[in-house]
Amino acid sequence: MRVIMLGAPGAGKGTQAVRVAEKYAIPHISTGDIFRANIKGGTELGKKAKSYMDAGKLVPDELVCDLVADRIAKEDCANGYVLDGFPRTIPQAEALEAVTKKLGAEVDYAVNIDVPDEAIVSRMGGRRACVGCGATYHVVFNPPKKEGICDTCGQTLILRDDDKPETVQTRLNVYHDQTQPLIDFYAERGKLATVDGTRTMDEVFAEILEKLGE
Ligand code: ADP
Ligand code: ADP
Ligand code: ZN
């Protein structure tokens, strides 16, 4: 199963990607997590990506396309993968189409998690991310067992800098301009599966599995 998660920032891509990956026993590949790990590790890539991320802008296509192409060619992706946060632009979608054709294993579904902008703003304000493992929580909708501490790895939970309200609006604008056109891109290819992202996490997951043919 090769799946892409589409949706606005905060729509629930990461939350659902983790569940889909577990269900099919395939890797969850989050480009946002890869960039954040590179920033933390002080790599060249991290240095290049940081200013764009802090501003709520997209990292340039050339910094992300090769990275994903290399990642999905790895052996652990032989049975599939869940791409979370990639592609985010038409050139990225075209690059992905080219590599998957070359690998002889095209994407099966683009799951579009549909959430209106009004709901996004409150979700992002309540999102908390683990500095250790990248797991995400929500102070109201998905609280950790112990406040401020990750259930999985015990490290600290933070509000990401780019989840502050002023940056969230920029990210939503970027989404509408650059990422939303991918909905038509995948619809034209008969791969689009849209789900109602305003429902509970369990309901959204059930609808995804239904659309993936479970
Ligand atoms: P969210 O889960 O809120 O949608 P991500 O963790 O996916 O956010 O991404 C955080 C930031 O990392 C983005 O705002 C962007 O700057 C950068 N980023 C992640 N994936 C991509 C990508 N495919 N292309 C360009 N920039 C990206
Ligand atoms: P994305 O990866 O698309 O940016 P996340 O999966 O990180 O989104 O979810 C954004 C925030 O909203 C997180 O705090 C998450 O716990 C919460 N969330 C995700 N799905 C739902 C849902 N169906 N209902 C309420 N809150 C949700
Ligand atoms: Zn953790």
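Atoms considered below: every heavy atom in the structure, side chains included; atoms not considered: hydrogens, waters and symmetry mates. Each residue takes its place number in the sequence, starting with 1.
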Using the side chain to side chain donor-acceptor pair (under 3.5 Å) criterion, which residues pair with [X]? Sequence neighbours excluded.
X    : value
R160 : D162
K50  : D54
T43  : N38

Can you tell me how far the [atom1] atom of [X] sits from the [atom2] atom of [Y], to the nearest 0.5 Å?
X    : Y    : atom1 : atom2 : result
L172 : T167 : CG    : OG1   : 11.0 Å
H28  : R19  : NE2   : CZ    : 13.0 Å
Y175 : I120 : OH    : CD1   : 8.5 Å
I29  : F86  : CD1   : CZ    : 10.5 Å
I208 : T194 : CD1   : OG1   : 11.0 Å
M1   : Y24  : CE    : OH    : 4.0 Å

Which salt bridge (charged side-chain N to carboxylate O under 4.0 Å, His left out) pairs, counting each pair once, include a residue from residues 31-47, with sequence neighbours left out?
-> D33-R36, E44-K47
Got a sec, which pairs hit salt bridge (charged side-chain N to carboxylate O under 4.0 Å, His left out) with one end in residues 76-96, sequence neighbours left out?
-> R71-D76
Greater than 12 external heavy atoms within 6.0 Å of [X]'s [atom1]:
X    : atom1 : result
Q155 : CD    : yes
K57  : NZ    : no
E166 : CD    : yes

Residues in side chain to side chain contact (heavy atoms under 4.5 Å, CB included) contact with [X], at least two apart in sequence or another chain:
X    : result
T200 : D202, E203
L159 : R128, D163, K164
T89  : L58, D61, P91, Q92, Q178
P60  : Y52, E62, L63

Closest approach of [X] and [Y], non-hydrogen atoms and distance?
X    : Y    : answer
A11  : V115 : O-CG2, 3.7 Å
L182 : A93  : CD2-CB, 3.7 Å
A21  : P27  : CB-C, 4.3 Å
T170 : A55  : CG2-O, 3.6 Å
C133 : C130 : N-SG, 3.3 Å

When the side chains of residues 98-106 are checked against the rest of the protein, which donor-acceptor pairs come out under 3.5 Å, sequence neighbours left out?
| residue | atom | partner | partner atom | Å |
| --- | --- | --- | --- | --- |
| T100 | OG1 | L96 | O | 2.9 |
| T100 | OG1 | E97 | O | 3.1 |

Listed by chain and number, what are the salt bridge (Lys or Arg N to Asp or Glu O under 4.0 Å) partners of K74, not counting sequence neighbours?
->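 Salt bridge (Lys or Arg N to Asp or Glu O under 4.0 Å) list for K74, sorted by chain: empty.
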List the atom pairs, donor and acceptor, that lie under 3.5 Å between side-chain atoms in residues 134-142 and the rest of the protein, sequence neighbours left out.
| residue | atom | partner | partner atom | Å |
| --- | --- | --- | --- | --- |
| Y137 | OH | D151 | N | 2.9 |
| H138 | ND1 | V140 | N | 3.0 |
| H138 | ND1 | F141 | N | 3.1 |
| H138 | NE2 | R123 | O | 3.4 |

